[in-house]
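Written out below as structure tokens is the structure these notes cover.
Since this is a predicted model, take the numbers as computed values, not measurements. Counting starts at 1 for both ligands and their atoms, following the listed order. For the single chain, residues carry numbers from 1 onward in sequence order.
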Amino acid sequence: MSKNYSGIREQRRDTDTYTDWGGGSLEAGEKYPKNCLGRADRIFSQGLQCQQINSVMALLSVDDAAFVVHSPLGCAGCCSMANDWFRVGQLHRGNYGLRNARIIVTNLDEKDVILGGEEKLKKAVRTACERYAPKLIFIFTSCASAIIGDDIEAAVSELQRETDSVIVPLHCEGFKSKICASGYDAAFLAMTKYILRGAKRGETEPDLLNLFAPPTVSYHDRLEIERILGDIGIRVNYIPFYSSLEKIRKIPSARASTAICKVFADEFMKELKDEYGISYSHTIMPIGTRNTDKWLLGVAALFDKTEEARGYIAAEREKIRPLMDGLRERLSGKRVFITGGTGRSFAAAALIDDFGMRLVGMQTPVYDDDAQIDIEYLNALYGNFVVDVANMMPFEQVNLLSKLKPDVFIGIPVWAAKLGIPTTHVLDIKRPTMGYRNLVYLGNKIACQTENPGYNKKIAEYARLPYKKSWYEENAFKYIQK
Ligand code: SF4
């Protein structure tokens, strides 16, 4: 990855990547392989998620670390959400002596933009060393630090001579990519360059799996995934959420790697394969029975446990079957709109089939080779549905929702709730969604929402969305122009 990959997802060499597109799923599935999807851009954009937040979220729970955000104060606004997740994660792990993440912001201002911000950065890193004496210091760059040309690497090499803390700068400037998952790649590029540093593989642990998990995986989901893998004799090195310097350094001794999300660590796993010969599985997120089966079989094959996994899957499915039958009775035929990160939205689109629900539309930040594999499966399952390739863009979302009128919305609920649509989501760090057992919890959550829609209906009565009536009659993709 560090050798072959720039860290900007739009520039990956082995796939086309579209970030601005809207239309039918059948059209997408047919045109993409022929390179006919059409390059486009939005002439009006309602704000993109910055990649810096993904870098911050990925690393904020690493043990004994401090964090320097080299940016104006506003860029660090996302840290409060990441810190909330960090605190919730501590509670779920039974740690009631909650603490905040150790974050220092350099607070670049107008003067620094003219005179440079390197001195502020050095001061912040020295303060982090004095205050916390951490094992690791992560530095997050920003648009401002890049535009003014601060030489982060030079500052780091000077600072590294003064401290035993391992200093790890991440290049997660928001303007570099429209795809916020590039922020995850920035974290793994930095780990490769500043922590692993070409370390030798050492002795392989034959039952150890590197399990790369994004920060949006709840603790209950982690336990469920570790349970499933443990039941077929696979141990887990869980990275980077609630991991440590030692666990990161252990990565090269694992027998194999996989990720919970398809767009998380995918490039890093290729690097581990090239550098250390560590095989990996890249299938789908383990939510829903079909996806969990596929994910588990992908991992099991790396450990020569395919037959064992097949028997295990049959037994697990049988255990939840009565509950799933009940959920199907409550949810069958409901029409669903899904939005989320690329990995999660496509996986969720397949999982609703477990409950007999139908997909009518989805919003996803990226369309690429992986999306094409999923869309072919989904087209066969549901026929044509609306696809909006968009990083956020709530104005398109509400337009589509008001036309499609789904029975359920799965995703971040703010806008759909104001339209009175029952909402739930699978991007939920606080609740279970993955594997076999947690699917039952998720199904109950969706069913409860559809059967008790009063709260969102009340919100819709009183909340006003900021759009004119005429916008709802427009083509939702009006501002995507070739
Ligand atoms: S790094 Fe850039 S895109 Fe991200 S919050 Fe700061 S200014 Fe915005």
Counterpart residues, side-chain contact (heavy atoms from CB on, under 4.5 Å), relative to Glu119 (two or more places apart):
Lys122
Electrostatic pair Glu396:Arg42 at N-O distance under 4.0 angstrom:
yes
Using a cut-off of 2.8 Å, find all protein N, O or S atoms closer to atom 4 (Fe) of ligand 1 than that distance.
Cys50 SG
Kindly state if atom 8 (Fe) of ligand 1 has a protein heavy atom within a strict 4.0 Å cut-off, that is, under 4.0 Å?
no
side-chain contact (heavy atoms from CB on, under 4.5 Å) with Thr17: which residues, sequence neighbours excluded?
Arg12, Thr15, Ile179, Val366, Asp368
Is the ring pair His92/His220 parallel, tilted or perpendicular, if the boundaries are 30 and 60 degrees?
tilted
Backbone N/O of Lys405 and side chain of Arg335: donor-acceptor pair under 3.5 Å:
yes
Counterpart residues, side-chain contact (heavy atoms from CB on, under 4.5 Å), relative to Ser257 (two or more places apart)
Asn210, Phe212, Met269, Leu272, Ile278, Tyr280
